[in-house]
2 protein chains.
Amino acid sequence: MDATVWPASLPEDLRAHLPEGLADGVFPAGCPSRTVLDHITSKWGVLILLALSEGEQRWSELRRRAEGISEKMLAQTLKTLERDGLVLRKAQPVIPPRVDYSLTQRGYELSGLLVPLVTWAYNNADDILNGER
Amino acid sequence: MDATVWPASLPEDLRAHLPEGLADGVFPAGCPSRTVLDHITSKWGVLILLALSEGEQRWSELRRRAEGISEKMLAQTLKTLERDGLVLRKAQPVIPPRVDYSLTQRGYELSGLLVPLVTWAYNNADDILNGER
DNA sequence: TAAGGTACTCACCTTTTGGTAAGTTGTGGT
DNA sequence: ACCACAACTTACCAAAAGGTGAGTACCTTA
């Protein structure tokens, strides 16, 4: 296998060169990166991360923000993201309960990469779904 | 609601500001961007896009590359990506059959955003899954 | 002659994901 | 006295995603 052979038909500036070791690290089944990728690219994971990238928000705000999410999925998604060290949970001992969620530093790193992706999806969604080139 | 109020506890340089209109466009249920986002962040979609970012590849190469994918899912994923105008399918009328897949210009745009994300996941996967801060 | 590669599709079944509705706890409002 | 609110959990069910194994057509290699 010769890694220097690129399809001649593709414009030079469009090619994405994979960083050293990425391919070997991501493509194998059951590798850690696949698990993490599954967490952060999950249906609701992206939306919650995106919402929190605007700043700390409480449970009920997130629920209204990510329109269509069920309470079960919000709880589940937040738990996963918290376990992964992407989201910080701050529970106030007050009545009625108040819990604030925010991104950790790691979470902000991630959301910095997620925002361009979502922006692109937002800008291209109509063309893509209408079958326009 | 005051958009200028940011959590004071977060370092200025970590905040990700959402582009104008993004929040309204992405958060509503059933909006086009959610559909597109689901396609490209699907379990196998990311891997296929990533593999193709290295250049044109044929069916059997992709199958071996994205370790663990079934033929059914490879076919399905490629079809979705082709319909979305991200992947180009070139079938040679030869025996045995030969079909080459490559990214379209739109696909390369996307993979340019996907690569940093996957790279980040790859670099942070072990820390995340081991519960390290 | 038989097996194997190539790029698929199809039918069937399992696993995962996600939704619904109810229950919980304690206080404040009517 | 009773309902609502907040942030959840739990049990149950439906839907979607995904895997398995077979079949297809034709040629090449052993």
Side-chain angles (χ1 to χ4, degrees), chain A residues 1 27-31 34-49 51-52 56-84 87-102 129, chain B residues 1 26-31 34-49 51-52 56-84 87-102:
Chain A
M1 202 191 301
F27 291 117
C31 64
R34 286 235 196 137
T35 306
V36 171
L37 224 38
D38 281 350
H39 290 182
I40 63 188
T41 63
S42 72
K43 173 166 184 172
W44 298 113
V46 181
L47 273 322
I48 296 300
L49 254 6
L52 288 177
E56 187 175 78
Q57 277 160 79
R58 54 192 300 195
W59 165 276
S60 48
E61 289 174 309
L62 288 172
R63 181 156 164 46
R64 278 187 289 267
R65 204 75 198 291
E67 211 179 272
I69 197 172
S70 64
E71 302 200 327
K72 181 186 150 189
M73 286 317 294
L74 180 54
Q76 204 176 103
T77 305
L78 284 170
K79 252 182 206 163
T80 303
L81 296 177
E82 201 196 346
R83 256 201 315 272
D84 287 350
V87 161
L88 192 69
R89 181 180 183 273
K90 275 179 287 183
Q92 253 89 293
V94 296
I95 298 260
R98 179 193 177 102
V99 183
D100 291 310
Y101 291 92
S102 54
L129 297 182
Chain B
M1 202 189 301
V26 168
F27 291 117
C31 66
R34 286 236 196 138
T35 307
V36 171
L37 222 39
D38 281 350
H39 290 180
I40 64 188
T41 63
S42 72
K43 174 166 181 169
W44 297 114
V46 181
L47 271 324
I48 296 301
L49 254 7
L52 289 177
E56 186 174 78
Q57 276 160 79
R58 53 193 300 193
W59 166 276
S60 48
E61 288 174 308
L62 287 172
R63 181 154 165 48
R64 278 187 289 268
R65 204 75 199 291
E67 212 179 89
I69 198 173
S70 65
E71 302 200 325
K72 180 186 152 188
M73 287 317 295
L74 179 55
Q76 205 177 102
T77 304
L78 284 170
K79 252 182 206 162
T80 302
L81 296 177
E82 201 196 344
R83 257 201 313 272
D84 287 350
V87 161
L88 191 70
R89 180 181 183 273
K90 276 179 285 182
Q92 252 89 296
V94 296
I95 299 259
R98 178 192 178 105
V99 183
D100 291 310
Y101 291 92
S102 54

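Reminder, nothing fancy here: chain letters follow the sequence lines and each chain counts from 1. Note: hydrogens, waters and symmetry copies are ignored here, and every other heavy atom, side chains too, is used.
From A/Phe27, atom CZ reaches atom CG of B/Leu47 across 5.5 Å, with rounding to the nearest 0.5 Å. The CG atom of A/Leu74 sits 5.0 Å away from atom CD1 of A/Ile48, with the distance rounded to the nearest 0.5 Å.
For the pair A/Arg63 (side chain) and A/Ile69 (backbone), a donor-acceptor distance under 3.5 Å is present. Checking side-chain atoms of B/Glu67 against main-chain N and O of A/Ala29 turns up a donor-acceptor pair under 3.5 Å. A/Ser42 places a side-chain N or O within donor-acceptor distance of the main-chain N or O of A/His39, the cut-off being under 3.5 Å. Using a distance-only test at 3.5 Å, with no hydrogens or angles considered, no donor-acceptor pair links the side chain of A/Arg58 to the main chain of A/Arg98. With hydrogens and angles disregarded, no donor-acceptor distance shorter than 3.5 Å links the side chain of A/Gln57 to the backbone of A/Tyr101.
Within 4.0 Å (heavy atoms only), A/Ser70 reaches at least one base atom of the nucleic acid. Within the 4.0 angstrom heavy-atom criterion, only backbone atoms of the sugar-phosphate kind lie near A/Lys43; the bases stay farther away.
For the pair B/Arg63 CZ and D/dG18 C1', the computed distance is 14 Å after rounding to whole Å. Put simply, NE2 on B/His39 is 13 Å from P on D/dA16, counting in whole angstrom units. In this structure, A/Arg89 atom CZ and D/dA7 atom C1' are separated by 8 Å, rounded to whole Å. Rounded to an integer number of Å, the gap from B/Ile95 CD1 to D/dC26 C1' is 4 Å. Between A/Gln57 atom CD and D/dA6 atom P the separation is 15 Å, expressed in whole Å. In this structure, CH2 of A/Trp44 is placed 6 Å from P of C/dG19, rounded to the nearest angstrom. Atom-to-atom, CD of B/Glu67 to P of D/dG19 comes out at 13 Å; the value is rounded to the nearest Å. Here the P atom of nucleotide D/dA6 and the CZ atom of A/Arg64 are 7 Å apart, to the nearest Å.
Listed pair B/Ser60 / C/dA7 meets the phosphate criterion, a side-chain N or O lying under 4.0 Å from OP1 or OP2. Considering only side-chain N and O atoms, A/Arg58 lies under 4.0 angstrom from the phosphate OP1 or OP2 of D/dA7.
You'll find that the side chain of B/Trp59 is closest to C/dA7, out of C/dA7, C/dG19, D/dG19.
Toward the 5' end of DNA chain C, the nearer of the two residues A/Pro96 and A/Glu71, judged by each one's closest nucleotide, is A/Glu71.
Contacts with DNA chain C (heavy atom under 4.0 Å) in residues 73-83 of chain B: B/Ala75, B/Lys79, listed by number.
The bend of the helix from C/dT1-D/dA30 to C/dT24-D/dA7, defined by the angle between the axes of its first five and last five pairs, stands at 30° to the nearest 10°.
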